[in-house]
Participant: 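Here's a structure for you.
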Amino acid sequence: MSSKNSTKINFFSGEQVPVELHKVRIVQKLNLKPIDDRLKAIEKGGYNTFLLNTEDVFLDMLTDSGTNAMSDNQLASMHQADDAYAGSQSFYRMEKALQDVFGKELILPVHQGRAAENIISQTFIRPGHVIPMNYHFTTTKAHMEINGGKIYEIYTDEALKIKSSHPFKGNIDIDKLKKLITKYGVENVPFIRLEASTNLIGGQPFSIENMREVRKVADEHGIMMVLDASLIGENAWFIKQREKEFANSSIRDILRTMCDLCEIIYFSSRKVSSTRGGGICTNDKKLFMKMRDLVPLYEGFLTYGGMSVREIEAMAVGLMETTDDTVISQSPGFIEYAVNELDKLGIPVITPAGALGAHVDAMQFLDHVPQKEYPAGALAAALFIVSGCRGMERGTISSVRLDNGEDLLADMELLRLAFPRRVFTLSQTKFLIDRLNWLYQNRELIGGLEFVEEPKVLRFFMGRLAATSDWPQKLVAKFKKDFGDSL
Ligand code: F0G
């Protein structure tokens, strides 16, 4: 059964509540520690949520990467893993699943998404190249630039608006694309990159209509299209919900339509199939041969690519499950619930709800904190202190420092609260919303952050920061006043 609203359950009361179409069979105990412990933990972690120990975290909303719940069938499949260096049957089962779902015959396994970016960038990008895309992802940009490329984000005017009702904020602006190709010359454009459920602008999808227009331009110039399919399942789900032509199509058919429009597909299976790994897929033997030799060099032999065979088995099953409406709709359903509730409370949040997580606009939330004091990072730290919920900064800390010593200020300052598939319950979601609401009412207490240790590359992962004043202590004092000894 895959009618348009097969996963939407109506309540007699009229309430709009996402209902879990699965049951919990294995659980992990969580710790909700006292606020003093949480303050110590974030100080120890250099005010960077990446540097927290999950022992101190209540709801881990850092990412959906490698943290989606796995199914009984995925776990069962791991028992039939074939431990072979070369020619493992596990690989052939995964290859078959990828061929079925993405419609590409030639598969290169890699250990995770950025490894695919490394191989694609090394193979196709040369100094002076420009790569048009709807929006960058952090690791994508880093790999492309290391190889001498420059990225150009040619999103539409709607893409960066926080409040919007546009269904496809991940679309490419076709005019900008044409102009870019004319300006730099077709010989300097190795490919056009499309990222499904565009991560850094709030998990926003693109439409197939837009993909087809991009394809037309690509064909006119003989440029190939590369699809980052890490969040393709959710993008397909939004297409089914929001693009009329596909209202009655299956997720499987939508996925195939998307994949058929691109020469190369790569993905992080940490997201797309709820496992840990990645891959590159194509039907073009020439492209495949150009990339192939880098796999044994950087990843591992061609039938495991740095992945465990157990994960490879689970990936085959997980990929099939991604085509199931009840699986793929779950995370967007919870995100939509959270976004709508936050919006009702007047908390600035990206609309419409996208994939991956709810995205709070820290620039508005903390409009008294200058962007060079990292409002999104400060909000992530503050939320952790008052709730134990760990989100991720997606703003200027996730950007770079320029040669002149200044920060490249990010287009958006977002606190991303990830909803990995089938992990959190409704009461946990309500707890998050409640604590965010309290924080919003007390936002004046939150101050900025500054770097005390700053790595040169991908600084957001390991960088350490400090509060610019004693605002964390003041926040804790107010929390204790309002909540007493309560957690
Ligand atoms: N592309 C996209 C769109 C991603 O979201 C990610 C990872 C990657 C590539 C890299 O894949 O982590 O397997 O190497 N996103 C994670 C996140 C890290 O938290 O959003 P990877």
Side-chain angles (χ1 to χ4, degrees), residues 28 30-67 112-114 137-139 141-142 199-200 268 270-271 276 356-357 359-360 362 366 369 371-401 407-408 410 413-420 423-424 432 435-436 439 446-473 475-476 479 487:
Q28 181 181 349
L30 294 174
N31 298 317
L32 179 52
K33 292 191 168 176
I35 192 162
D36 288 326
D37 292 7
R38 300 197 294 254
L39 178 61
K40 270 188 215 138
I42 197 76
E43 277 174 349
K44 190 166 166 230
Y47 284 84
N48 179 349
T49 55
F50 275 101
L51 302 181
L52 290 167
N53 181 333
T54 59
E55 201 193 346
D56 299 317
V57 174
F58 177 45
L59 303 182
D60 190 2
M61 307 187 118
L62 185 74
T63 177
D64 61 342
S65 175
T67 59
Q112 63 183 87
R114 70 201 69 183
F137 184 70
T138 51
T139 54
K141 178 172 162 166
N199 190 331
L200 294 191
S268 168
R270 299 176 65 82
K271 289 186 191 287
R276 283 135 289 266
L356 207 168
H359 295 76
V360 181
L366 298 181
V369 176
Q371 207 179 351
K372 58 182 186 352
E373 289 185 17
Y374 313 123
L379 187 57
L383 178 66
F384 174 74
I385 293 170
V386 304
S387 69
C389 298
R390 162 161 86 157
M392 187 191 285
E393 189 269 1
R394 293 279 75 158
T396 298
I397 297 177
S398 299
S399 178
V400 293
R401 194 168 291 283
D407 278 318
L408 175 62
E413 290 289 330
L414 303 177
L415 165 60
R416 183 181 87 180
L417 299 159
F419 280 83
V423 171
F424 298 122
L432 168 79
R435 288 299 188 265
L436 260 173
L439 207 52
I446 305 170
L449 298 177
E450 60 194 354
F451 268 105
V452 290
E453 196 183 305
E454 186 178 338
K456 285 236 170 333
V457 181
L458 298 174
R459 64 182 185 174
F460 59 91
F461 280 133
M462 304 303 290
R464 302 184 70 82
L465 300 102
T468 51
S469 69
D470 63 349
W471 67 260
Q473 287 73 20
L475 192 66
V476 169
F479 182 93
L487 299 168

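For this chain, numbers begin at 1 and follow the sequence in order.
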Participant: Does a side-chain heavy-atom distance below 4.5 Å link Phe424 with Leu417?
Facilitator: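 Answer no - side chains too far apart.
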Participant: Measure up the Phe50 and Phe461 rings against each other and bin them: parallel (under 30°), tilted (30 to 60°), perpendicular (over 60°).
Facilitator: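 Perpendicular.
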Participant: Between Val423 and Thr67, is there a side-chain heavy-atom distance shorter than 4.5 Å?
Facilitator: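 No. Closest side-chain heavy atoms not under 4.5 Å.
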Participant: side-chain contact (heavy atoms from CB on, under 4.5 Å), that's the test. Do Asp37 and Asp56 meet it? Break it down for me.
Facilitator: CA-CA 8 Å; Asp37 292 7; Asp56 299 317; 5.8 Å; no
Participant: Let's go through Arg38 and Leu32 carefully: what are the C-alpha distance in whole Å and the side-chain angles of both, what is the deciding distance for side-chain contact (heavy atoms from CB on, under 4.5 Å) to 0.1 Å, and is it a yes or a no?
Facilitator: CA-CA 9 Å; Arg38 300 197 294 254; Leu32 179 52; 3.5 Å; yes
Participant: Any idea which heavy atoms bring Ala381 and Trp471 closest together, and the distance?
Facilitator: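 Minimum heavy-atom contact is CB-CH2, 4.5 Å.
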Participant: Give a yes or no answer on whether the side chain of Arg464 reaches the backbone of Lys44 with a donor-acceptor pair at less than 3.5 Å.
Facilitator: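 At least one qualifying donor-acceptor pair exists.
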Participant: Mark yes or no for whether Glu393, through its side chain, and Asn48, through its backbone, hold a donor-acceptor pair below 3.5 Å.
Facilitator: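 No: the side chain of Glu393 does not pair with the backbone of Asn48.
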Participant: If I compare all heavy atoms of Met392 with all of Thr49, which pair ends up nearest, and what's the gap?
Facilitator: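 Here Met392 and Thr49 meet closest at CA-OG1, 4.2 Å.
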Participant: Taking Leu383's backbone N and O only, do any of them form a donor-acceptor pair with Arg435's side chain (distance below 3.5 Å, no angle check)?
Facilitator: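 No.
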Participant: Could you check Tyr374 against Asp407 for side-chain contact (heavy atoms from CB on, under 4.5 Å), going step by step and ending with a plain yes or no?
Facilitator: CA-CA 10 Å; Tyr374 313 123; Asp407 278 318; 2.6 Å; yes
Participant: Do Asn199 and Arg416 get their side chains close enough for a donor-acceptor pair, meaning under 3.5 Å?
Facilitator: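 Checked: Asn199/Arg416 side chains pair up, N/O donor to acceptor below 3.5 Å.
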Participant: Mind checking whether Leu62 and Val57 have side chains closer than 4.5 Å, heavy atoms only?
Facilitator: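 Heavy-atom side-chain distance check fails, nothing below 4.5 Å.
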Participant: Please find the pair of heavy atoms, one from Leu51 and one from Gly463, that lie closest to each other, and give the distance.
Facilitator: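 Distance-wise, the nearest heavy atoms are CD1-O, 3.7 Å.
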Participant: Where do Glu373 and Thr468 come nearest, in terms of heavy atoms and distance?
Facilitator: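 The pair with the smallest heavy-atom distance is OE1-OG1, 3.7 Å.
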Participant: Please find the pair of heavy atoms, one from Arg394 and one from Ala376, that lie closest to each other, and give the distance.
Facilitator: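 Taking Arg394 first and Ala376 second, the nearest heavy atoms are N-CB, 4.5 Å.
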Participant: With a 4.5 Å cut-off on side-chain heavy atoms, are Leu379 and Leu439 touching?
Facilitator: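 With C-beta onward as the side chain, the pair touches.
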Participant: Without swapping roles, check the side chain of Asp64 against the backbone of Ala418 for a donor-acceptor pair under 3.5 Å.
Facilitator: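 Such a contact is absent between Asp64 side chain and Ala418 backbone.
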Participant: Please test Leu52 against Ile42 for side-chain contact (heavy atoms from CB on, under 4.5 Å), starting from the C-alpha separation and ending with a verdict.
Facilitator: CA-CA 7 Å; Leu52 290 167; Ile42 197 76; 4.1 Å; yes
Participant: Output yes when a side-chain donor or acceptor of Thr396 lies under 3.5 Å from a complementary backbone atom of Ala410, and no otherwise.
Facilitator: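 Checked: pair present.
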Participant: To the closest 0.5 Å, what do you measure between CE (Met462) and CD (Glu453)?
Facilitator: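 One finds 8.5 Å between CE of Met462 and CD of Glu453.
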Participant: Could you report the tightest heavy-atom contact between Tyr47 and Pro472, atom names first, then the distance?
Facilitator: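 In terms of heavy atoms, the two residues are closest at OH-CG, 3.2 Å.
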